[in-house]
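The sequence lines fix the lettering, A, B, ..., with proteins before strands; numbering per chain opens at 1. Here the structure is a predicted model, which is why all the values come from computation and not from measurement.
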2 protein chains.
Amino acid sequence: MPKETLLPILFHLFRQHGYDGVSVSKISAATKLGKASLYHHFPGGKAEMLTATLSYSQQWFEENILQVLASEGAALDRFQQMCDRLSELYSAGEQPCLLATLTVGQAHSVFHESVKRRLEGFLAAIAHVLSEAGLPSALAQQRAEDAIIALQGALILSRGLDSSAPFIREMAQLTEKLCEKISG
Amino acid sequence: MPKETLLPILFHLFRQHGYDGVSVSKISAATKLGKASLYHHFPGGKAEMLTATLSYSQQWFEENILQVLASEGAALDRFQQMCDRLSELYSAGEQPCLLATLTVGQAHSVFHESVKRRLEGFLAAIAHVLSEAGLPSALAQQRAEDAIIALQGALILSRGLDSSAPFIREMAQLTEKLCEKISG
DNA sequence: GTCTATATTAAGATAGAC
DNA sequence: GTCTATCTTAATATAGAC
C-alpha cells in the first residue's frame with residue numbers, strides 16, 4: 001500500500017480523534033494493514049505517523065491555500081477562493097482542524113513548534129495579500145489574526161452545535177471583513 | 001479528600017489533555033489519591049469523572065458568566081465584566097476551553113449533547129442581553145455566535161502561537177463589537 | 001475513605017516467516 | 001511489504017484489608 005493512500009486515512013483519523021485518541025490498532029483497522037506493516041512504513045511509530053500526516057497536510061495547504069493567496073488577481077478574489085478551499089478542507093465545518101486538535105494533550109508538548117510555524121505561515125500569507133492591497137502592515141497583521149480566529153472559532157462552534165450554519169456564515173462574511181476599507 | 005478539592009484538579013487535567021489524553025493513573029498522580037479511592041468517589045470511572053467535572057465547570061459558569069450577563073446595568077458593562085471573567089477562566093488565553101477539547105475523540109460521541117447544551121445556553125444569554133438592548137433577535141443571535149467564535153478562535157490561536165496577545169486583543173475588542181450600533 | 005494487590009484488556013512496539 | 005505471533009508497558013477497573 002503506497003503512502004498516497006495511507007496518508008489521507010491517517011489525516012482523517014488524527015483530525016477527528018486527536019493524537020491521544022488515535023491508537024495504532026485503530027490505524028491498523030482503518031487502513032486494513034497489520035501493525036507490523038505500519039511500523040515498516042513508519043519506524044518511529046505513532047509520532048512519525050503524525051509527522052508524516054503533518055507534512056501531507058502542509059503540502060495540501062501549500063498547493064491549495066498558499067498558492068491561491070500568492071496568485072495574481074484582486075485581493076477580494078483571492079480571499080474568496082481561499083474560503084472555498086477552506087470550506088472544502090473542513091467539509092463546511094463538519095471536520096475539525098488538525099492543528100487545533102494538536103494544541104492539547106501529549107501532542108501539544110511534542111508538536112507545538114510545527115503547529116506554531118504553520119499558523120505563522122498562514123498569518124503571513126494573509127497579511128501579505130492585505131499589505132499588497134495597501135493596508136499598513138500592523139493592520140494587515142491584525143486582520144490576518146482575526147481571519148484565523150474567525151476560522152478556528154467557527155470550526156469549534158459548528159462542531160459543538162453540530163451545525164454547519166455558523167461555519168458557512170462565517171466563511172461568507174470573511175472576505176468582506178478582510179477587505180473592508182482597503183481602498184477607502 | 002473532599003470533592004471540592006478534587007474537581008479543580010480534574011478540571012485542569014481534562015482541559016489541558018482532553019478526555020483521551022487523561023488516564024486514571026495521571027489523575028491518581030495529580031490528586032495523590034490511589035486509583036481505588038478515585039473509583040470510590042466515581043464508580044462510573046473516567047466517564048463519571050468527566051461528568052462531574054462538567055457539572056463543576058457548569059456551576060462556575062453559571063455563577064460567574066451567566067450571573068453577570070443576567071445582572072442589572074448597561075449591556076456594555078455586563079459584557080465588559082463577562083470578558084474579565086473569561087480572561088480569568090482561560091488565564092488570558094493560556095488555558096484551553098474544556099468544551100472545545102471535548103469536540104474531538106471519544107468524548108465527542110459520548111458528551112456531545114452536554115457540550116451542545118452548554119454552548120446554546122451561553123449563546124442565549126448573550127443574545128438575551130443584546131435583545132434587551134434593542135437589537136432584533138435574529139441579529140442578536142448572530143452577534144452572540146460571533147462572540148463565541150471570537151472567544152474560541154482566540155483561544156486556539158493564542159495557544160497555537162504560544163502568546164496571550166491575540167486572546168487579550170480579542171477580549172479587549174469584544175465588548176464594542178457586541179454593542180456596535182445598538183443605539184444607532 | 002484510602003490503601004495494596006491484582007485482574008483484564010488494550011496500547012506501543014518488535015521478531016521473524018513469507 | 002505484509003503477515004502472525006509475541007513482548008512489554010500502561011490502561012481501566014475491582015477485591016478486600018485497614
Nearest-Å distance for atom pair CE/C1', residues B:Met49 and D:dA13: 10 Å

Ring geometry between B:Tyr19 and B:Phe14 (parallel below 30°, tilted from 30 to 60°, perpendicular above 60°): parallel

Derivation of the side chain to side chain donor-acceptor pair (under 3.5 Å) call for A:Gln16 and A:Gln95: CA-CA 7 Å; A:Gln16 287 249 353; A:Gln95 298 295 326; 2.7 Å; yes

Neighbours of DNA chain C within residues 38-46 of chain B, by heavy-atom distance under 4.0 Å: B:His40, B:His41

Side-chain N,O (B:Ser37) to OP1/OP2 (C:dC3) below 4.0 Å: yes

Residue pair A:Leu69 / A:Val129: nearest heavy atoms and the distance that separates them: O-CG2, 3.3 Å

Close side-chain approach of A:Leu123 and B:Leu161, heavy atoms under 4.5 Å: yes

Side chain of B:Ala36 - closest among C:dT4, C:dA13, D:dC3: C:dT4

Sub-4.5 Å side-chain heavy-atom contact between B:Phe122 and B:Met82: yes

Heavy-atom closest pair, residues B:Arg159 and A:His112: O-NE2, 3.7 Å

Interatomic distance where CG belongs to A:Leu33 and P belongs to D:dT4 [whole Å]: 11 Å

Candidate pair A:Arg15 and A:Ser57, rule side chain to side chain donor-acceptor pair (under 3.5 Å), full reasoning: CA-CA 11 Å; A:Arg15 83 199 302 204; A:Ser57 138; over 6 Å; no

Contact residues, residues 6-30 of chain B to DNA chain C [heavy atom, < 4.0 Å]: none

side-chain contact (heavy atoms from CB on, under 4.5 Å) partners for B:Ala29, two or more places apart: none

B:Lys3 NZ - C:dG1 C1' separation (whole Å): 12 Å

Between D:dT12 (P) and B:Leu50 (CG): distance, integer Å: 13 Å

